[in-house]
2 protein chains.
Amino acid sequence: MIRVLIADDEAMIRSALAALLRLEDDIEVVAECADGAQAVIMAGKLQPDICLLDLEMPELDGVQVADRLRSTGSATRCVVVTRHARPGVLRRALASGVLGFLPKSRSANEVAEVIRRVAAGARYIDPEIAADALSEERSPLTERELDVLRAGRRGESTVQIARALNLAAGTVRNYISAILAKLNVATRQQAVLLAEERGWI
Amino acid sequence: MIRVLIADDEAMIRSALAALLRLEDDIEVVAECADGAQAVIMAGKLQPDICLLDLEMPELDGVQVADRLRSTGSATRCVVVTRHARPGVLRRALASGVLGFLPKSRSANEVAEVIRRVAAGARYIDPEIAADALSEERSPLTERELDVLRAGRRGESTVQIARALNLAAGTVRNYISAILAKLNVATRQQAVLLAEERGWI
DNA sequence: TTCAGGTAATGACATTTGTCATCCCCGTAT
DNA sequence: ATACGGGGATGACAAATGTCATTACCTGAA
C-alpha cells in the first residue's frame, strides 16, 4: 500500500484527486491539506510515502514544503503538480529534492502512475517541461533588477519603488530602463507580465 | 440520463471531474473541451443537457460561452465553476443566463448534485457567494470605461488602446483619467488589478 | 421640454516615465 | 594591477501619461 498525502488549496481538485486515487487499490490517501504549512505538519505526523503537492498554495508553496520535509530528514518523497509549469519552477523544484513533477495540463489518471513510479524509487519529470527547461533561457535580469520589478509589480510609482528599496528615484528609473531593454518590452506592466509568465518573479 | 459537456482548460481537473461524474449512473459525460470556443461548437453539435463550464478559459470564458449558447437559442443549461468567485462575476454570470454557480473551493462530489438540481430545472448559486453579492458594491465604471480598461489590461499604450477601440488617443486618456479618479488609484495597472480582483473585468 | 449622463473629441498643462551619458564604489577574475 | 560587471547616483532630454476645461451629440427619464 502506498500511503499518500495530498495538498492543494483548491478543494475541488484536491477532493477529486483524492477520490480518484482511492479507487486505486494499491494507494491509500492518508491526508488532505489545504495549505503548505498544514502539509508540513501532517507529513511530519503521518510520514506518508508520497506527498502530492500543489505548487500554488498559500503560506508555503509546494517546493517550499518539499524543502522543509527534506531538511527535517523525512523519508517522504515529493511529487509537485502545478498549473503553470515553467522551466524556472522545475529548476527550483529539483533543487529542493522533488522527485516527481507534473503540470496540471496532464490528465488526472496519470497521477496514480507517477505516484507509483516515484514510490518505487524512480524520478518522474514531465518530458515536455524537461525539454523546455533545457532550451529555455534563465532570467537575463540581475538580482537587483528583479527586486525592482517585484517592488513594482502592482503598478507602484517610481518613487514608491525607490522608497521601498531605499534607492534614489533616478536609480529605479535606470533599472527599469535596463529591464525594459533586456526584456524588449515597452512598459513596466508588460515586463511584470512577462516575468511572471516565465516564473522569474 | 443527464448528458453533460465539460469545459476546463486545465486537463487535470477536467479529466478528474469527468471520471468522477462517469461513476454516477444517472450522468453521461458526452464531451470534454479545453477552451470556450470549442465548448460552443460541441454544445451546438451535441445539445447536452448541462454545460459544466470553467470560468477561466482562453478564447471565451465560461460566462461568454453561456451567453453565446443562450443567444443561439440552445436549451442547454449552464453551470459555471470558478477559482476566484467574486460577486461581480456572479452578477455577470446570472445576467448571461447561467443557472448554476459553484466556486472551486467546494468539494468535487458536490458537482454531481448541483448538476442534478440544475438539470431538474432548479437554480443553484453557492450560498456564500450569493451572500457576498448582496453586500458588495457593483462597478462604478461605465461600460465604455470598462472597455478601455480591458483593452489596456496588458500594459498597452494609450495609442494601442485607442486603435483597438477606434477612438482618439486623447479620448482614451480622458477615460483613463476618469477611471483612476473613480477607483481612487494612481496608475492604470492598479486600476486593472483592482477591477480584476473585484470581478469587474 | 428640459436635464442628466454617457460617449467622443480638442487643446493646454504638469508630471511621470523612459533613455542616455557619465560618474563613483566595490569585488573578483585575469 | 587592472579590467570588468554589478550596484548606486546625477542631470538632461524626449515621450507618454494624467488632469482639466470645454464643446458637441445622443438618449432616456422627469
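Residue numbers begin at 1 in each chain, while the letters A, B, ... track the order of the sequences.
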When the distance from [atom1] of [X] to [atom2] of [N] is rounded to whole Å, what number comes out?
{"X": "A:Ile161", "N": "D:dG8", "atom1": "CD1", "atom2": "C1'", "answer": "16 Å"}
{"X": "A:Leu165", "N": "D:dA9", "atom1": "CG", "atom2": "P", "answer": "10 Å"}
{"X": "A:Glu145", "N": "D:dG5", "atom1": "CD", "atom2": "P", "answer": "14 Å"}
{"X": "A:Arg144", "N": "C:dC26", "atom1": "CZ", "atom2": "C1'", "answer": "15 Å"}
{"X": "A:Gln160", "N": "C:dT17", "atom1": "CD", "atom2": "C1'", "answer": "14 Å"}
{"X": "B:Gln189", "N": "D:dA16", "atom1": "CD", "atom2": "P", "answer": "19 Å"}
{"X": "A:Leu141", "N": "D:dG5", "atom1": "CG", "atom2": "P", "answer": "17 Å"}
{"X": "A:Arg188", "N": "D:dT17", "atom1": "CZ", "atom2": "C1'", "answer": "11 Å"}

Between [options], which one does the side chain of [X] approach most closely?
{"X": "A:Tyr175", "options": "C:dA8, D:dG7, D:dA9", "answer": "D:dG7"}
{"X": "B:Thr158", "options": "C:dT17, D:dT17, D:dG8", "answer": "D:dT17"}
{"X": "A:Ile176", "options": "C:dT10, C:dG18, C:dA8", "answer": "C:dG18"}
{"X": "A:Leu167", "options": "D:dG18, D:dA9, C:dT10", "answer": "D:dA9"}

### Message
Can you see whether A:Ser74 engages A:Thr76 through a side-chain donor-acceptor pair at a distance of less than 3.5 angstrom?
### Response
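The answer is yes; a qualifying pair exists.
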### Query
Between the base of D:dT17 and the side chain of B:Asn174, is there a donor-acceptor distance below 3.5 Å?
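For B:Asn174, whose side chain was compared with the base of D:dT17, there is no donor-acceptor pair (under 3.5 Å).
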### Query
Can a donor-acceptor pair under 3.5 Å be found between the side-chain atoms of A:Arg173 and the base atoms of C:dG18?
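Check passes, donor-acceptor contact within cut-off.
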### Message
Please compare A:Glu156 and B:Ala168 by the position of their nearest nucleotide in DNA chain C and report the one closer to 5'.
### Response
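Checking each residue's closest nucleotide, the 5'-ward one belongs to B:Ala168.
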### Toward the 5' end of DNA chain C, by each residue's nearest nucleotide, B:Ala169 or B:Glu143
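Per heavy-atom nearest nucleotide, the more 5' residue is B:Glu143.
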### Query
Quick one: is B:Thr142 getting a side-chain N or O under 4.0 Å of the C:dG5 phosphate, OP1 or OP2?
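For B:Thr142, the contact criterion (side-chain N or O under 4.0 Å from OP1 or OP2 of C:dG5) is not met.
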### Message
Check the phosphate of C:dA8 against B:Thr171, side-chain N and O only, distance under 4.0 Å to OP1 or OP2. Yes or no?
### Response
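False: B:Thr171 side-chain N/O out of range (4.0 Å or more) of C:dA8 OP1/OP2.
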Basic-acidic side-chain contact under 4.0 Å: [X], [Y]:
{"X": "B:Glu143", "Y": "B:Arg150", "result": "yes"}
{"X": "B:Arg77", "Y": "B:Asp49", "result": "no"}
{"X": "B:Glu145", "Y": "B:Lys182", "result": "yes"}
{"X": "B:Asp8", "Y": "B:Lys104", "result": "yes"}

### Query
What is the nucleic acid contact for B:Ser177, judged by heavy atoms within less than 4.0 Å: base, sugar-phosphate only, or nothing?
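Touches a base.
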